[in-house]
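Just below is one structure, and these are the notes that go with it.
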Amino acid sequence: MELTFWGVRGTIPVSGRDINKYGGQTPCASLVSSKGEIIIIDAGTGIRKLGTTLIREINNRPLQIHILLTHFHIDHIMGFPFFAPLYFPESIITFYAPVSPEDIQIYLSGLMAGRYFPLEFRDTKSKKKFVKIPEESFTIGGVQVSNCPLSHPQGSVAYNFQENEINVIFATDTEHPEQGIDERLASFVSGAYFLIYDGTFTPEEYKSGKQGWGHSTWLEGTKIAKETKTTKLFISHFNPDHPDSQIDKIISLAQKEFPQTEGAREGLKVVF
């Protein structure tokens, strides 16, 4: 598999000289399986560059894409109308989410409805399928996919993608319990190769009034990683108010708790 981060910022996209290292686009990542299946996780603003890259690389050949949405908060879908393959007649795009197929269409259509966008979702030229993710695991080509509910307003899910002996888990919008760790998530993560975890707040910020906002901290990420014997931890979903210098400090602190920690950043590609 090949993992690429296209957007790792939470809440809202930001720009400026002080955010160039990690980037300011909102959540989007891609996985390409050993057999070539294209799997996209979330459709934040990072999906725009991914889309133009895909169109350039396929050179007008048919394109089959699987987009898995963790939930429908705006930072995780706001790049979707600017995803070039959506307008490409040879694209077949399958959308997966923890809601009914009808609701997936309603929520995505609403983003492009009325005065919000010059073209309706239904008028885009790609062929589309809509799938409610099952409670049990399923496969996309040679990749096994499972999910776990997370603690987040209006709900969200973590995804586990496994091919052969390697798995990648996305748990980017979740809030830890007041005491201990999230045992359900820990069971889901157990033995993960890569864990991408929600690092929106510092522990100090969280304690200062962010309880109930549906997000976690870098420290809680290291606790989960240690408890579950995760091989590698990526902190992601960075706070839009955190510049590169602060994120550098966060990653340094996290590495003291769990040495195999890295900050997710736009353009980072991992082949395994």
Side-chain angles (χ1 to χ4, degrees), residues 1-7 26-58 60-73 76-113 117 119-149 155-163 167-170 172-173 196:
M1 277 195 293
E2 179 181 282
L3 165 68
T4 306
F5 293 102
W6 300 91
T26 63
C28 179
S30 63
L31 285 170
V32 180
S33 75
S34 60
K35 295 182 179 179
E37 288 95 0
I38 300 168
I39 299 171
I40 299 172
I41 303 90
D42 282 332
T45 55
I47 203 172
R48 179 182 177 275
K49 187 173 182 179
L50 169 56
T52 56
T53 300
L54 289 172
I55 291 294
R56 183 174 63 248
E57 290 179 350
I58 64 161
N60 290 321
R61 289 181 284 110
L63 183 60
Q64 187 160 336
I65 299 169
H66 303 269
I67 300 180
L68 286 86
L69 300 170
T70 59
H71 62 310
F72 289 90
H73 284 170
H76 290 255
I77 62 170
M78 66 195 308
F80 167 71
F82 306 97
F83 183 53
L86 183 63
Y87 304 91
F88 183 49
E90 299 302 317
S91 296
I92 301 174
I93 307 177
T94 305
F95 300 89
Y96 306 78
V99 298
S100 71
E102 294 77 17
D103 281 343
I104 297 173
Q105 295 181 69
I106 289 170
Y107 297 151
L108 294 179
S109 296
L111 198 62
M112 301 174 67
F117 203 77
L119 187 69
E120 297 281 345
F121 178 45
R122 65 174 178 267
D123 295 328
T124 58
K125 294 183 179 180
S126 58
K127 301 175 182 66
K128 306 167 190 65
K129 302 177 183 178
F130 305 91
V131 177
K132 180 179 180 179
I133 55 173
E135 292 184 6
E136 65 277 6
S137 64
F138 64 101
T139 58
I140 297 175
V143 179
Q144 186 175 34
V145 185
S146 55
N147 71 90
C148 173
S156 181
V157 296
Y159 285 113
N160 181 0
F161 301 92
Q162 180 152 1
E163 185 180 54
N167 70 323
V168 181
I169 295 178
F170 287 82
T172 58
D173 284 55
I196 296 98

Completion exercise
The side chain to side chain contact (heavy atoms under 4.5 Å, CB included) partner of L69 among I41, L108, I133 is L108
Fill in the blank from the handout: Rounded to the nearest 0.5 angstrom, the CZ-CE distance for R122 and M112 is 10.5 Å
Completion exercise
Correct closest heavy-atom pair for G44 and C28 would be N-CB, 4.3 Å
Exercise for the section: Could you pull out the closest heavy-atom pair between H76 and P27, with the gap in Å? Expected result: CE1-CG, 3.6 Å
Problem - Spatial distance of atom CD1 (I169) from atom OG (S146) [nearest 0.5 Å] - result: 7.0 Å
Practice task
Kindly give the heavy-atom pair with the smallest separation between L111 and I77, and that separation in Å.
Solution key: CD2-O, 3.2 Å
Exercise for the section: Check whether more than 12 heavy atoms from other residues, nucleotides or ligands sit under 6.0 Å from atom CD of E135, and answer yes or no. Expected result: no
Problem - Short side-chain to backbone donor-acceptor contact, S33 and V143, under 3.5 Å - result: no
Fill in the blank from the handout: By side chain to side chain contact (heavy atoms under 4.5 Å, CB included), S30 pairs with (sequence neighbours left out) T4, W6, L50
Problem - Note, L68 side chain near F170 side chain (heavy atom, < 4.5 Å) - result: no
Handout entry: CG on L63 to CG on L54, rounded to 0.5 Å
Key = 5.5 Å
Exercise for the section: Could you walk me through whether F83 and I93 pass the side chain to side chain contact (heavy atoms under 4.5 Å, CB included) test, one step at a time? Expected result: CA-CA 11 Å; F83 183 53; I93 307 177; 4.2 Å; yes
Handout entry: Y96 OH to K132 NZ distance, which is reported to the nearest 0.5 Å
Key = 15.5 Å
Handout entry: Distance (rounded to the nearest 0.5 Å) between T70 OG1 and D42 CG
Key = 3.5 Å
Problem - Taking every non-hydrogen atom, the tightest pair across S34 and E163 - result: OG-OE2, 2.8 Å
Practice task
Taking N147 for its side chain and P134 for its backbone only, find out whether a donor-acceptor pair lies under 3.5 Å.
Solution key: yes
Practice task
Indicate the atoms forming the closest heavy-atom contact of A84 with T52, along with that distance.
Solution key: CB-N, 4.3 Å
Handout entry: Interatomic distance, T172 atom OG1 to I196 atom CD1 [nearest 0.5 angstrom]
Key = 9.0 Å
Handout entry: Donor-acceptor pair, side chain of S91 and main chain of L86, under 3.5 angstrom
Key = no
Exercise for the section: Begin from the C-alpha positions of F95 and F80 and carry the test ring-ring contact (aromatic ring centres under 6.0 Å, His included) through to its verdict. Expected result: CA-CA 11 Å; F95 300 89; F80 167 71; 5.6 Å; yes
Handout entry: Backbone of V168 reached by a side-chain donor or acceptor of Y159 within 3.5 Å
Key = no
Practice task
Answer with yes or no after comparing the ring centroid distance for F82 and F117 against a 6.0 Å cut-off, counting only values under it.
Solution key: yes
Handout entry: Atom of S156, atom of H71 and distance for their closest heavy-atom approach
Key = OG-ND1, 3.5 Å
Handout entry: Residues in side chain to side chain contact (heavy atoms under 4.5 Å, CB included) contact with V99, at least two apart in sequence or another chain
Key = F72, A97, D103, I104, Y107
Exercise for the section: Assess whether atom NZ of K125 is packed by more than 12 heavy atoms of other residues, nucleotides or ligands within 6.0 Å. Expected result: no
